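Note that the structure is predicted; figures quoted are calculated from it, not measured.
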Amino acid sequence: MAVVTSAPGKVLMTGGYLILERPNAGIVLSTNARFYAIVKPLSEEIKPESWAWGWTNVKLTSPQLLRESMYKMSLKNLTIQCVSSSESRNPFVENAVQYAVAAAYAIFDKNKKDVLHKLLLQGLDITILGCNDFYSYRNQIEARGLPLTPEALAALPPFTSITFNAEESNGENCKPEVAKTGLGSSAAMTTAVVSALLHYFGVVNISSSEDQLQEKKNSSDLDMVHVIAQSAHCIAQGKVGSGFDVSSAVYGSQRYIRFSPEVLSSAQVAVKGLPLQEVIVDIIKGKWDHERTKFSLPPLMTLLLGEPGTGGSSTPSMVGAVKKWQKADPQKSQETWRKLSESNSALEAQFHMLSKLAEEHWNAYKFIIESCSKLKSDKWMEQASEPSQEAVVKSLLGARDVMLGIRYHLHQMGEAAGVPIEPESQTQLLNATMNMEGVMLAGVPGAGGFDAIFAVVLGDSGSNVTKAWSSLNVLALLVREDPRGVSLESCDPRTREITSAVASVHIE
C-alpha cells in the first residue's frame, strides 16, 4: 500500500534577512508548486529468517534526475549508509528517513514497535518528484526556439527531466548544479518525505486537501511533521536556518517568526556521534517557540513570479556577507534593520486592511480592484467616487509606497554589505514592472539576488504583465499562491497528470 504526500514550495515576500533573528516576522506564501514523496514497501512479505537481521534496505528513486540510490539502514542505531555510487546521495532524504524512523521508535509502545519493525524489514521504496516550477527550463525553451512565455512552460510534460548546469565558476569545474527557481525545493522535498514516512508508519494522520478545506484539525500531527522535518532539514544543510521554508511547506501561507536555534543543539551534537534515539526525544519534547499566524493575499490579487535568466544566487554566501556587515557596523546596520522591520509591519497592516475592506465592503472593493487592474497606479485615485472605494485605493497605494521603502532599505543593505540583494538589473526590471497597469507591488523574494522577481497584481492584469515580462526577456513562471500546506494525495501524481492531459485533448 503506497502512501503519497506532497508539500508546497514558498515565496518569502517580506522578512528577507530579518527573519533570521527573533522576534522579526516574515510573510511567506506557499505556492501551487509541490514536491511529492511516494513511500511503499520494497518487498511484499518478510522471510522468516529476516527477524535476525539488524538492517533493512532503502531505495530512493528520483526519476527527474534519472537517479536511483540504494541504502542499508541499521535497525539498531537507525543510521543509513549509501551502498550505490556516492554521486547520487541526497542528504535531505537520508536525514528525513533517519529522523522519521527514530521518531516512530521513540513514540511507539512495545506492540507498535514490533509492527514498525516488521514494516521496516520489508524495506522502504521512496520516490521523489518535484513540479517543473522548482527548476529552470529556460535553456530548453530557448534551445527549442520557443518564446519565453508561460504557455511554452506549460507545454513541457509534467516532472520533466532536469538538466544540469555544467558552468565553471572561477575557472574550476564545479559539481554540476541543478538550475533552480528559488522556491525552496529542499525544504518541500524534506517535508514531503517526512510526512509520507510518518503517515506510512502510523505516527501521524496527514489529511487530504479536501479535508483541509473543511478545516479538520490535525494540528498535533502537523506539529510532529514540522519538528521532524525542521530537524532533518537543518542537519542536512549543516546549519540551523530560520526554518520559514519548512514551516510553510508544512502549514502553508503564514506570518512566521523563527524558533530559537538552541532547540536543535542536541541534534547538532548527534552528528558528532550521540545516538539518534536519545536525541529525537529531546527534539520532540523541545521548546519549539516559533510563531505563525494564518496569512493569505487579499481577494482578487495574484502572485506572479518571473525568472530574469541572469543565473541563480547563492543565498548562504549573501547571508554571510550581511552578517559580517552587521558585526562591522552595528550602529548603521541596526538602524537599517529597524526601518526594514517597521516597513515590513506596515505592509502587513495594509494587506490586513485590504482583506478587511474586501469583507466589509465587497462591492466597492471589487469595483476598485477591477478598475485599477486596467490602469497605472497614478490613475487609481480617480476611480474612487465614494468613501469605501477611496479607502481601498488608499490602502493599495499605501502598500505600494511601503514596498518602495522596503526595496530602498534592502538595496542600501546590499550596497553596505557588498552583495547584490537588489542588483541594478533587477531594480530596472522591478521599476518597469511597478509601472505596468494593475501592478500593486513588485520585489525580489527572500534573500534577493538574481534568482527571481515577484509581483502582486490586481484582477485580470496578470496576462498583460507576463506578456510585458516576455518582451523584457523575463520568463513568467506558472507559480501561484496556494495557501495549503502538506497534504495526503490519492495517487501517484504522474498517473493523475496523464489522465488530466488526456482529458484536455479535444477530439475534433
Main-chain N/O of L477 paired to E307 side chain as donor or acceptor, under 3.5 Å: no
Trace of the side chain to side chain donor-acceptor pair (under 3.5 Å) decision for Q237 with S186: CA-CA 9 Å; Q237 270 190 321; S186 64; 4.8 Å; no
Pair listing, salt bridge (Lys or Arg N to Asp or Glu O under 4.0 Å) test, anchored in residues 340-354, at least two apart: R255-E348, R338-E342
Approximate separation, where rounding is to 0.5 Å, of S231 OG and I283 CD1: 4.0 Å
Interatomic spacing from CG in D221 to OG in S195 - rounded to 0.5 Å: 11.0 Å
Student check: side-chain heavy atoms of T190 and N95 closer than 4.5 Å: no
pair N431-R407: side-chain heavy atoms closer than 4.5 Å: yes
P308 vs F450 side-chain heavy atoms within contact, under 4.5 Å: no
N32 side chain vs D482 backbone, donor-acceptor pair below 3.5 Å: no
Residue pair S461 / L458: nearest heavy atoms and the distance that separates them: OG-O, 2.6 Å
Main-chain N/O of F134 paired to T181 side chain as donor or acceptor, under 3.5 Å: yes
Heavy-atom check, side chain of V456 versus side chain of M403, under 4.5 Å: no
I107 side chain near M224 side chain, heavy-atom distance below 4.5 Å: yes
Verdict with supporting geometry, L304 and W469, side chain to side chain contact (heavy atoms under 4.5 Å, CB included): CA-CA 11 Å; L304 295 182; W469 273 358; 4.0 Å; yes
Contact check, side chains of V194 and Y99, non-hydrogen atoms, under 4.5 Å: no
Over all atoms of both residues, closest heavy-atom pair of A96 and V193: CB-CG1, 3.8 Å
Any donor-acceptor N/O pair, H409 side chain to T336 backbone, under 3.5 Å: no
Salt bridge (charged side-chain N to carboxylate O under 4.0 Å, His left out) partners of K339, counting only residues at least two apart: E335
G241 backbone acceptor or donor facing R258 side chain under 3.5 Å: yes
Approximate separation, where rounding is to 0.5 Å, of Q428 CD and L472 CG: 10.5 Å
Any side-chain heavy-atom pair of I19 and N24 under 4.5 Å: no
Donor-acceptor pair, side chain of D289 and main chain of S260, under 3.5 angstrom: yes
Aromatic plane relationship, H290 with H226 - under 30° parallel, 30 to 60° tilted, over 60° perpendicular: tilted
Candidate pair V322 and I421, rule side chain to side chain contact (heavy atoms under 4.5 Å, CB included), full reasoning: CA-CA 10 Å; V322 169; I421 295 175; 4.1 Å; yes
Non-hydrogen side-chain atoms of L396 and M301 separated by less than 4.5 Å: yes
Evaluation steps, side chain to side chain contact (heavy atoms under 4.5 Å, CB included), between D223 and W288: CA-CA 10 Å; D223 294 345; W288 288 85; over 6 Å; no
Under 3.5 Å donor-acceptor, Y17 side chain and A447 backbone: yes
Gap between atom CG of L488 and atom CG of N205 - 0.5 Å precision: 7.5 Å
Carboxylate-amine/guanidinium contact K376 D378, below 4.0 Å: no
Distance-only donor-acceptor check, side chains R292 and S247, under 3.5 Å: no
Interatomic distance, L347 atom CG to S343 atom OG [nearest 0.5 angstrom]: 9.0 Å
Closest contact, heavy atoms only, Q64 versus G130: NE2-O, 2.6 Å
Expected output: side-chain Y256 to main-chain S242 donor-acceptor under 3.5 Å: yes
G443 to L430 - nearest heavy-atom pair and separation: N-CD2, 3.5 Å
Pairs involving residues 332-359, ordered by first then second residue, that meet ring pair (Phe, Tyr, Trp, His ring centres under 6.0 Å) (sequence neighbours left out): F295-F351
Modelled atom types, side-chain donor and acceptor of S6 and E489, under 3.5 Å: yes
Main-chain N/O of E94 paired with R89 side-chain donor or acceptor, under 3.5 Å: no
N/O donor-acceptor pair under 3.5 Å between S248 side chain and L29 backbone: no
Distance, nearest 0.5 Å, that separates CD of Q389 from CH2 of W380: 15.0 Å
Residue of the set T127, I38, V39, L129 for which side-chain contact (heavy atoms from CB on, under 4.5 Å) holds with V4: I38
